[in-house]
Amino acid sequence: MVDEQRLERLNGMLKRRGFLLPAFEIHGGSKGLYDFGPVGGRMRSKINQAWIDHWLGLGNVVELSCPTVTPYAVLEASGHVGEFSDFMTQCGSCQEASRADSLLEAHHPNPDALKRDELQSLLEAEKPPCPACGMTDWSEILAQNLMFNTTIGAGASGRPGFLRPETAQGMFTSFNALYRHFRERLPFGAMQVGKGYRNEIAPRQGMIRLREFNMAELEYFIDPESPADDDLSAWDTVSFALVPDGKKPVEMTLEVACQQGVIRHATVARFMGITYDFLAKVGIDMNRVRFRQHESDEMAHYAMDCWDAEIEGSFGWIECVGIAHRGCYDLESHEKATGKSLRARREFDEPRTTLVDAWTIDGATAGPAFKALAGQVKATVEGLPKSTTFPATVALENGETVVIEPEHVKPNQRTLKETGEWYIPHVVEPAFGIDRIIWHVLDHAYAEQEKNGEAYTVMQLAPAVAPVDIAVFPLFEKEGMDDAAAKIHQRLCGRPGTVSMYDGSGSIGRRYARADEIGVPQCITVDHQTLQDGTVTLRERDTGEQVRVPMDSL
RNA sequence: GCGGAUAUGGUGAAGUGGUUAUCAUCUGAGGUUUCCAACCUUAUGUCGUGGGUUCGACUCCCGCUAUCCGCACCA
């Protein structure tokens, strides 16, 4: 299925033409790190921008840019420190590193679930032999993390931190600023494109698994109690290839998938539709896209539903987008860790009133009687049922027992009125692996054709992602044609967002071929006639057709 | 991380324990050419890296790094 020779030719071309190159190659290179070259750099930024523009279409999202350097506490709260770690220990005799939980498998039913300290004491108690040399001299257990760790600040004041493994956490920790910005009305979203870092044990398959990668994520905050009435009618005519959890692939519209409960949440369905449109816009072959639902055992424990967009390319089916309904997990985690509220308010249709009919203390007598304990006494008394009779002997929160006399208490009757409540919003998160998408855009656009019996390659890139928008050629670099072409090139380059390329070397056919190979959609050629009547030929990449147009109309 | 393969101009390949490493292509310059990798002249640019063996290593040996393929890991 995988055509390895085509893959090699494609990789060679991408390197030769400056799309993708191994980073720091003159120093020997580094695994999992790539450069977007003179051609690829522009393409990456166009795809990033296209992604932002596409999702801005929701109308209620903003763009953020958060630091990549992230304090330890943030990623501890998010669960990354725990989830992304292996606990390693080193043999003092042969230096072989082993996973502590593997060593202790014989001594504990589930060592994977233990914390570092528990593993440490178990390791010291059991002294398992080193699988390499049989000795039992183990070093202290260290968390070997898949995140790049670093120190924020110098010397003794330095605090531990990581390079972020995803962009999402900065958006969660910014929730209160977002809430104010959106006038305290949900739903709303925040998105960002940027770098993420994972110190992969074995980066593989070129752009598919990198140590530093480009990602684009949207965190869309919703009220779990308001009905998900997302409009799916825009995709009524599109049959989606779906692979539901543990079932056979099916094809159906988003509307039907929602009605049948295949997709569990309408917002997830709508984002699948928007994702579909984005992939089509940047030139992915939509016949090679499917959406696969995470099976319950691979889904993160907090997620309520998760669909991956998978794209088929030279490496088979690769997950390129994840659309996850994450529930309230993230905001709740940061709330717990910081004690800060990350909530939204929901007003009730009707204010809710509750009648309180119980006891409270009489401050004038109970205060002097209980002094420092008065606060605890008050809390305890207010928790007593109305039927309590005094004097009563009660246990306080701190364990002390006190006797409460009738003169210490008085009836407490009042009406509590609540007009609304605070809740933790739920989050639907589309997360895009931009590098993987760029790879598949290139993979799908790469067309090996034949021209006059010779191999001919064209990058059939969509104009939205083409690294060069237009190329300008003088038919010959003399007799003023070169000057005329240079002027047109300058004028086009002066336009915001337009990249023009001037090329005057080699035969005209060679220049068309070079332009085709990096996917320039249109080429302009200046010839003798241009000098007389101001017209040029405009050539379309995909059809080869040429039309003569006045150069002022460009 | 384990196992296997590989590493020669920008790209793709050949080759050798001993003078100046070969070929194609690409790229630059000049010429020619009135629109799709044409042609002529000419130029630039290479043995991944560190050690060892040797009078001499791009070639043989070892380590490292990188790439590709399995397995494992990861999403």
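- Between A:Met215 atom CE and B:rA75 atom C1' the separation is 10 Å, expressed in whole Å.
- RNA chain B lies under 4.0 Å from no heavy atom of any residue of residues 431-449 of chain A.
- Nearer the 5' end of RNA chain B, as judged by each residue's closest nucleotide, is the contact made by A:Glu25, out of A:Glu25 and A:Ser30.
- Across the P atoms, B:rA24 and B:rA38 are found 16 Å apart, a figure rounded to whole Å.
- Salt bridge status for A:Arg288 with A:Asp443: absent, with no side-chain N to carboxylate O gap under 4.0 Å.
- A:Asn11 has its CG atom 15 Å from the C1' atom of B:rU6, to the nearest Å.
- The distance from atom CG of A:Asp542 to atom CD of A:Gln522, rounded to the nearest 0.5 Å, is 10.0 Å.
- The CZ atom of A:Arg211 sits 12 Å away from the C1' atom of B:rC74 (whole-angstrom rounding).
- Taking the nucleotide of RNA chain B with the nearest heavy atom to each of A:Gly32 and A:Met13, the more 5' of the two is matched to A:Met13.
- Separation of the C1' atoms belonging to B:rG10 and B:rG45 is 9 Å when rounded to the nearest angstrom.
- B:rA14 and B:rC74: their C1' atoms are spaced 41 Å apart (whole Å).
- Rounding to whole angstrom units, CG of residue A:Leu10 and C1' of B:rU11 are separated by 14 Å.
- A:Phe473 has its ring centre less than 6.0 Å from the ring centre of A:Tyr512.
- Between the CZ atom of A:Arg198 and the P atom of B:rA75 there is a distance of 7 Å, given to the nearest Å.
- Spacing between atom CG of A:Leu7 and atom P of B:rU6 amounts to 19 Å, rounded to whole angstrom units.
- Between the C1' atoms of B:rC26 and B:rA43, the separation comes to 14 Å (whole Å).
- For an aromatic pair to be called close, the ring centres must be under 6.0 Å apart, and A:Tyr220 with A:Trp55 fails this.
- Remark: of the listed residues A:His489, A:Arg514, A:Arg510, A:Arg514 is the sole one forming a side-chain hydrogen bond (donor to acceptor under 3.5 Å, both in side chains) with A:Asp503.
- Look at the C1' atom in both B:rG56 and B:rG17: the space between them is 8 Å, to the nearest Å.
- Both tests do not hold together for A:Arg292 against A:Trp307: distance to the six-membered ring centre under 6.0 Å, angle to the ring axis within 45°.
- For NZ of A:Lys487, the number of neighbouring non-hydrogen atoms (other residues, nucleotides, ligands) closer than 6.0 Å is 12 at most.
- Using a cutoff of 4.0 Å between basic side-chain nitrogens and carboxylate oxygens, A:Lys195 and A:Glu166 are not scored as salt-bridged.
- The cationic atom of A:Arg164 (NZ for Lys, CZ for Arg) does not lie both less than 6.0 Å from the six-membered ring centre of A:Tyr197 and within 45° of the ring axis.
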Using the 3.5 Å cut-off, write out each protein N or O paired with an N or O of nucleotides 32-41 of chain B and the distance between them.
| residue | atom | partner | partner atom | Å |
| --- | --- | --- | --- | --- |
| B:rU34 | N3 | A:His528 | ND1 | 3.0 |
| B:rC35 | O2 | A:Tyr512 | OH | 2.4 |
| B:rC35 | O2 | A:Gln546 | NE2 | 2.9 |
| B:rC35 | N3 | A:Thr537 | OG1 | 3.0 |
| B:rC35 | N4 | A:Asp527 | OD2 | 3.0 |
| B:rC35 | N4 | A:Thr537 | OG1 | 2.7 |
| B:rC36 | O2' | A:Lys451 | NZ | 3.3 |
| B:rC36 | O2 | A:Lys451 | NZ | 2.9 |
| B:rC36 | O2 | A:Arg539 | NH2 | 3.2 |
| B:rC36 | N3 | A:Arg539 | NE | 2.7 |
| B:rC36 | N3 | A:Arg539 | NH2 | 3.3 |
| B:rC36 | N4 | A:Arg539 | NE | 3.2 |
| B:rC36 | N4 | A:Gly544 | O | 2.8 |
| B:rC36 | N4 | A:Gln546 | NE2 | 2.9 |
| B:rA38 | OP1 | A:Arg510 | NH2 | 2.5 |
| B:rA38 | OP2 | A:Ser507 | OG | 3.1 |
| B:rA38 | OP2 | A:Arg510 | NH2 | 3.4 |

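- Nucleotides B:rU8 and B:rG70 have their C1' atoms positioned 28 Å apart, rounded to a whole Å.
- Taking all atoms of both residues into account, the shortest heavy-atom contact from A:Ile438 to A:Met43 is CG2-CE, 4.2 Å.
- Here B:rC74 presents its P atom at 16 Å from CG of A:Asp308, a figure rounded to the nearest Å.
- On the P atoms, B:rG31 is 48 Å away from B:rC69, given to the nearest whole Å.
- With a cut-off of 3.5 Å on both pairing distances, the Watson-Crick and G-U wobble pairs of RNA chain B assemble into stems of 3 or more at B:1-7 with B:65-71, B:10-13 with B:22-25, B:27-31 with B:39-43, B:48-52 with B:60-64.
- Looking at A:Glu545 and A:Arg539, no side-chain N of the basic residue comes within less than 4.0 Å of a carboxylate O on the acidic one, giving no salt bridge.
- With A:Asp469 contributing its side chain and A:Val499 its backbone, the two residues share a donor-acceptor pair below 3.5 Å.
- A:Lys15 places its NZ atom 11 Å from the P atom of B:rC68, with the value rounded to the nearest Å.
- Side-chain contact between A:Phe19 and A:Phe36 is absent, with no heavy-atom pair separated by less than 4.5 Å.
- Taking the C1' atoms as reference points, B:rA21 lies 11 Å from B:rG9, given to the whole Å.
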